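All chains are named by letter (A, B, ...) in the order of the sequence lines, taking the proteins before the strands, and each is independently numbered beginning at 1. Quick caveat: nothing in here was measured; it's all calculated off a predicted structure.
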Number of protein chains: 2
Amino acid sequence: MTASVPAYQQIKDHVLAQIHRGVWKEGDAIPTEEALALEFGVSRMTVNRAMRELGNEQIVERVQGSGTFVAQQKYQSTLVDIRNIADEIAARGHRHRSELQRLERCKATDALAGRFRLKPGAPLFHSVVVHFENDAPIQVEDRYVNPGVAPDYLAQDFATQTPNAYLMRVAPLQGVEFAIEAVSPPPEVGELLQMAAHEPCLVLHRQTHSMGQVASVAALWHPASRYRFTGQF
Amino acid sequence: MTASVPAYQQIKDHVLAQIHRGVWKEGDAIPTEEALALEFGVSRMTVNRAMRELGNEQIVERVQGSGTFVAQQKYQSTLVDIRNIADEIAARGHRHRSELQRLERCKATDALAGRFRLKPGAPLFHSVVVHFENDAPIQVEDRYVNPGVAPDYLAQDFATQTPNAYLMRVAPLQGVEFAIEAVSPPPEVGELLQMAAHEPCLVLHRQTHSMGQVASVAALWHPASRYRFTGQF
DNA sequence: TAGTGGTCTAGACCACAGC
DNA sequence: CTGTGGTCTAGACCACTAT
């Protein structure tokens, strides 16, 4: 008895594992429903449910009369829930790594003070982290944090935990405002993202509120050729 | 013609129609699988698939041992607000005007057929509208519509009503999927938007669902220098 | 205990792809 | 033509809820 995990879920897990492990690659044909039914000792209907759900989840592509194939992996993100980019990359079965570029104390410029509703010159924390997906830079996270909301921000180890994950943990999220635009990156961002000349960035500006204050103001820079935002309602 | 529409889909449509019509309201119990199987003259497994999918789509909530209930309606006042550009421009105190570039019947390409879950070559409606904010072009709306959902689409006057406003009126919205990316526009789009050479476009791809079908597939092109998406939660 | 959904079977027929 | 997925049946047993 494999206990309490439905057979169709075990089959889904098995297929996902094979894909993530690289045994089955994009475009590869997956064993037929008949074959999987034999292998797992279940009926074809059970395999059908597993594969149909994987098809709906865009993990595989099914073609009647032909077969089932591993779908194209997409670079995409969700705006709806403020997902951690590490989780997002992990969900695609890829490897996430981040590099801390800067972590420092600074003083609010006039523009930043306005965003945080603090006085110009008020102390802020500032971090710059580059996130990699399979060793390709996919996001530059330029973030300012309100010390009143996260006083221990500078003491965190952002190699093992993303700034976002830390903030979500210590500051209950009450509201988010965002703006998305396409612009040319400043030279230093273009370098960090290893972008071609003239390639635009897809930028998400995000401001989070917690405990009645502005908790953080972030700019998330992505190379337009390798990233897009997605979501659903 | 009941042929060619799967039984489970007919059952989903029936349930969606009852909810949209207000016969079954939020929190109401829906007939049991057994009852629906009898009513539609199908096996319980077929009803089970229909209701399970509606559960996954958050249309209904299923409780083992208890029953199936109409789910709470979702708040969707976020990125869906991007939907009506006329309202958006009016809210900024500016003047909105639109020009109809194309309005025609066409056949689904393989790619479009996949998005609509129709067969290649199936008839579709196609419209291209340019939206102006104070006489500056701000959006090219390239839209394909499922004739099964909006059969009178070609007869509308899109000078007085945006395609989106019409669709929201005739087809109850059940779901939206979107993706935002930054790309170079095709030459004809760049011209319509009077864009400078090499300027990227901010593109919103949006797919709306209604009555269990894909109602429309749209690409909304905006000049990156004059547009951005904003929202809040 | 009776009723509900959750899962599963061992067949079946069909539509479609590719040879 | 064969092999594939798409759908469907008429049962079955189980887990859970409500009474």
Check: Are any of the side-chain heavy atoms of B:I30 and B:V60 separated by less than 4.5 Å?
Finding: yes

Check: Got a salt bridge between B:E33 and B:R62, using NZ or NE/NH1/NH2 to carboxylate O under 4.0 Å?
Finding: yes

Notebook entry, point to check: Could you give the CZ-to-C1' distance, from A:R52 to D:dT4, as a whole number of Å?
Noted result: 16 Å

Next item on the list: Assign the ring pair B:H126 / B:Y144 to parallel, tilted or perpendicular, where the plane angle (0 to 90°) is split at 30° and 60°.
Entry: parallel

Checklist line | Spacing of A:I30 atom CD1 relative to D:dG3 atom C1', expressed in whole Å | finding: 17 Å

Check: Can you check the B:L54 CG to C:dG5 P distance for me, whole Å?
Finding: 13 Å

Checklist line | Donor-acceptor contact below 3.5 Å, side chain B:Q161 vs main chain B:D157 | finding: no

Next item on the list: Using atom CD of A:E61 as one end and atom C1' of D:dT4 as the other, report the distance to the nearest whole Å.
Entry: 14 Å

Next item on the list: Return the value, rounded to whole Å, for the distance between atom CZ of B:R49 and atom P of C:dT7.
Entry: 15 Å

Item checked: Phosphate-side-chain proximity, B:Y8 and D:dT7, N/O vs OP1/OP2 below 4.0 Å -> yes

Notebook entry, point to check: When the distance from CZ of A:F69 to P of C:dA17 is rounded to whole Å, what number comes out?
Noted result: 12 Å

Note to self: Whether the side chain of B:Q156 engages the backbone of B:Y166 through a donor-acceptor N/O pair (distance < 3.5 Å, no angle test) should be reported.
What the structure shows: no

Notebook entry, point to check: Does the side chain of A:T68 get closer than 4.0 angstrom to OP1 or OP2 of D:dG5 through an N or O atom?
Noted result: yes

Check: When the nearest nucleotide of DNA chain C is assigned to A:A7 and to A:G65 on a heavy-atom basis, which residue is associated with the more 5' position?
Finding: A:A7

N/O contacts under 3.5 Å, protein versus nucleotides 9-13 of chain D?
unit_1 : atom_1 : unit_2 : atom_2 : d
D:dT9  : OP1    : B:S43  : N      : 3.4
D:dT9  : OP2    : B:S43  : N      : 2.7
D:dT9  : OP2    : B:S43  : OG     : 2.9
D:dT9  : OP2    : B:T46  : OG1    : 2.5
D:dA12 : N6     : B:R44  : NH1    : 3.4

Check: Any side-chain N or O of B:R62 less than 4.0 Å from the OP1 or OP2 oxygen of C:dT4?
Finding: no

Check: Short question: side chain of B:D142, backbone of B:A219 - any donor-acceptor pair under 3.5 Å?
Finding: no

Notebook entry, point to check: What's the CD-C1' distance between A:Q64 and D:dT7, to the nearest Å?
Noted result: 9 Å

Margin query: Please verify the inter-ring angle class for B:F125 with B:Y153; under 30° counts as parallel, over 60° as perpendicular, anything in between as tilted.
Written below: parallel

Check: Counting side-chain heavy atoms from CB outward, which of C:dT7, D:dG5, C:dG5 is closest to A:E33?
Finding: D:dG5

Check: Between C:dG6 atom C1' and B:E53 atom CD, what is the distance in whole Å?
Finding: 15 Å

